[in-house]
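Reminder, nothing fancy here: chain letters follow the sequence lines and each chain counts from 1. Model, not experiment: these values are computed from the prediction.
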2 protein chains.
Amino acid sequence: MAKQVVPESDRRRRRPTKQGGVLSHALIVETALRMLREHGSGGLTVRRLGTALGADPSTLYRYFRGIDELTLAIGDELVGRALRGWEPSGAWRADLRELGLRIHSAYLAHPQAAVLTASRVTGRSHEVAADEAVLGLLRTAGFPDASAVRIYQAFIDQSLAFAALDAASLALPDAARRADEEVWRATYARLPAESHPHIAATAHLLVERMNRSAYPTALEMLLDSAEAQLAAVPGRAPGAGGRTPGRSAPRRGGGTAPQAGPRGGRPGRLGGDG
Amino acid sequence: MAKQVVPESDRRRRRPTKQGGVLSHALIVETALRMLREHGSGGLTVRRLGTALGADPSTLYRYFRGIDELTLAIGDELVGRALRGWEPSGAWRADLRELGLRIHSAYLAHPQAAVLTASRVTGRSHEVAADEAVLGLLRTAGFPDASAVRIYQAFIDQSLAFAALDAASLALPDAARRADEEVWRATYARLPAESHPHIAATAHLLVERMNRSAYPTALEMLLDSAEAQLAAVPGRAPGAGGRTPGRSAPRRGGGTAPQAGPRGGRPGRLGGDG
DNA sequence: CGGCGAACGTCAATGGGGTTGGCATAAGGT
DNA sequence: ACCTTATGCCAACCCCATTGACGTTCGCCG
């Protein structure tokens, strides 16, 4: 058995599969993404993936140490897509908004994959870039370091957390999702006003809203609060951010746009058991 | 084979297990929670749960349609615990804060279980109560219905989303979590200032903060924004909320405290594939 | 141009998982 | 005390991830 997986960059001999395909990390990840889309978040299995690639299942262990490592690679791919082509405009609020929405929608473009990876620490290459960018936006905007770090963490985690939550809904099989929506409509829309006055009074609004992600709202609220905090910083004029709710500001170029740095990860937080 | 699972309330004949135990939904869920704590989030298996209960694995199918239904029951239990004993004080901001923190920490008290359930739609009994409570707090505070619904959704989803994210960290095996923290420290603390100036400048703050949940910060920011929106409502004096960051306000009793209502769930949101 | 070592794909096997159909039995109502 | 049937148990099915040994073929090196 292979004790060590050969890193992609060191691969020389590419031997075609019995069915003629030539494997690579990229091809495997891509195929895995397709399989997740087609078979749902539980549909990624080594056997099936092997079949789809026209290779023996065990072959995959030449490329990844196990299915977990493959999962992380998939997550890394999603993060990479989120940042691809992004450039700051110079208006911190608009930039943060766009960054958040990009991360969110990159995950939601592959909900089944996002379910598996969004709340996982990838420990891979694209995260440092995003972190540096966010911190840069905040510090350049004038936030003191302590605030910048606090807000940065809330921003990043909020984006990932909502991505995971929203992906879970999207990843449900169509039938199950429709059934869930029906339950919602049937239950909430009919709660008697005596027992649940507030739900009853707003049922129409609830039914209408509940099919949309709350992330844009939550993000905007976070930016509101940040902007207010910035205005309160001594020696600073209020209203420094680009206030353009729901739309991204035009690009102005310049600013901080770091590329992917060395490996790093968002480690586990809080103390607790295993 | 049993086509239908007998609901807990209809059970009459309780036949002891070969090893003497008497099963029930409650006992099974409780045992499952213990097993998750002891064996990690992947450690809940029908076979193992059967052994722990002193029963044949297949017996569990007399109580739950499958492991998925059991999972949802576990989630429901966590939600129930979050609300147990909660009462509003009358100060909307303090009440929302406490509610959010309660939900968050109820999940985090069982991280391995939370990982499995926090981003799942439980479709069970305790959610309506929480929803009514949150909507009630907001509408009573004076938010117009449209705002109340928007903020309610952001609040609830943010709480669940962070619970899932934070639980994922806590649920890691001790060794993996420590390793992750070390990676973080080793990588971020040593990034050269030339390539990553902002991370380098705030490394000490980052390392210090990253082991804590960002949820309290994000929650406070959401409440900030809500309070500002409330102040802007025509015909309303500013500063209506109890401003007591980080502490819960003293109880005053009264207010809206609905009990668990009929079944209902947070359905899948957004349109997308399955 | 020929050989050799290692890289790579394949095979077969292991241990574990969820789930099911059939069956024995004891619990409860009568 | 009897009968019904809910309930627990058994054995079996099929799928999964992972591993170790094996044979083939690639690509380097002389």
Could you state the [atom1]-[atom2] distance from [X] to [N], rounded to the nearest angstrom?
{"X": "A:L23", "N": "C:dC8", "atom1": "CG", "atom2": "C1'", "result": "9 Å"}
{"X": "B:Q19", "N": "D:dT7", "atom1": "CD", "atom2": "C1'", "result": "16 Å"}
{"X": "A:L70", "N": "D:dC16", "atom1": "CG", "atom2": "P", "result": "15 Å"}
{"X": "B:E69", "N": "C:dT19", "atom1": "CD", "atom2": "P", "result": "11 Å"}
{"X": "B:L53", "N": "D:dG8", "atom1": "CG", "atom2": "C1'", "result": "13 Å"}
{"X": "A:H39", "N": "D:dC16", "atom1": "NE2", "atom2": "C1'", "result": "15 Å"}
{"X": "A:I67", "N": "D:dC16", "atom1": "CD1", "atom2": "C1'", "result": "9 Å"}
{"X": "A:L49", "N": "D:dC15", "atom1": "CG", "atom2": "P", "result": "17 Å"}

Check side chain to side chain donor-acceptor pair (under 3.5 Å) between A:E30 and all other residues, then give those that pass, not counting sequence neighbours.
-> none
When we call it a touch if two heavy atoms are under 4.0 Å apart, what does B:P16 touch: a base, just sugar-phosphate, or nothing?
->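 Result for B:P16 = sugar-phosphate.
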Looking at every strand, decide which applies to A:T45 at a 4.0 Å heavy-atom threshold: base, sugar-phosphate, or nothing.
->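 Since only primed, P, OP1 and OP2 atoms lie under 4.0 Å of A:T45, the category is sugar-phosphate.
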Five-pair end axes of the helix from C:dC1-D:dG30 to C:dT30-D:dA1 and the angle they enclose, rounded to 10° |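 Here the helix ends are tilted 20° relative to one another.
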Candidates [options] - which lies nearest the side chain of [X]:
{"X": "B:R62", "options": "D:dG8, D:dC22, C:dT19", "result": "D:dG8"}
{"X": "A:V46", "options": "D:dC9, C:dT10, D:dA17", "result": "D:dA17"}
{"X": "A:D56", "options": "C:dT10, C:dG18, C:dG9", "result": "C:dT10"}
{"X": "B:S58", "options": "D:dC9, C:dT10, C:dG18", "result": "D:dC9"}

Report the relative orientation of the aromatic rings in B:H104 and B:Y215; use parallel for angles under 30°, tilted for 30 to 60°, perpendicular for over 60°.
->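 Aromatic pair B:H104/B:Y215 classed parallel.
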So do A:Q158 and A:L219 actually touch side chain to side chain, heavy atoms under 4.5 Å?
-> yes
Closer than 4.0 Å, any side-chain N/O of A:Y61 to the OP1 or OP2 of D:dG20?
-> no
Are any of B:K18's side-chain N or O atoms less than 4.0 Å away from OP1 or OP2 of C:dT25?
-> no
Side-chain donor/acceptor contact of B:R47 with base of C:dG16 under 3.5 Å | no
Residues B:H126 and B:R81: side-chain donor-acceptor under 3.5 angstrom |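 Short answer, no.
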In terms of side-chain heavy atoms, does A:D131 have a donor or acceptor partner in B:Y188 at a distance below 3.5 Å?
-> yes
Could you go step by step and tell me if B:V79 and B:I103 meet the side-chain contact (heavy atoms from CB on, under 4.5 Å) rule?
-> CA-CA 7 Å; B:V79 178; B:I103 292 171; over 6 Å; no
Output all residues satisfying side-chain contact (heavy atoms from CB on, under 4.5 Å) with A:A26, sequence neighbours left out; order by chain, then residue number.
->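 Listed in chain order: A:S24.
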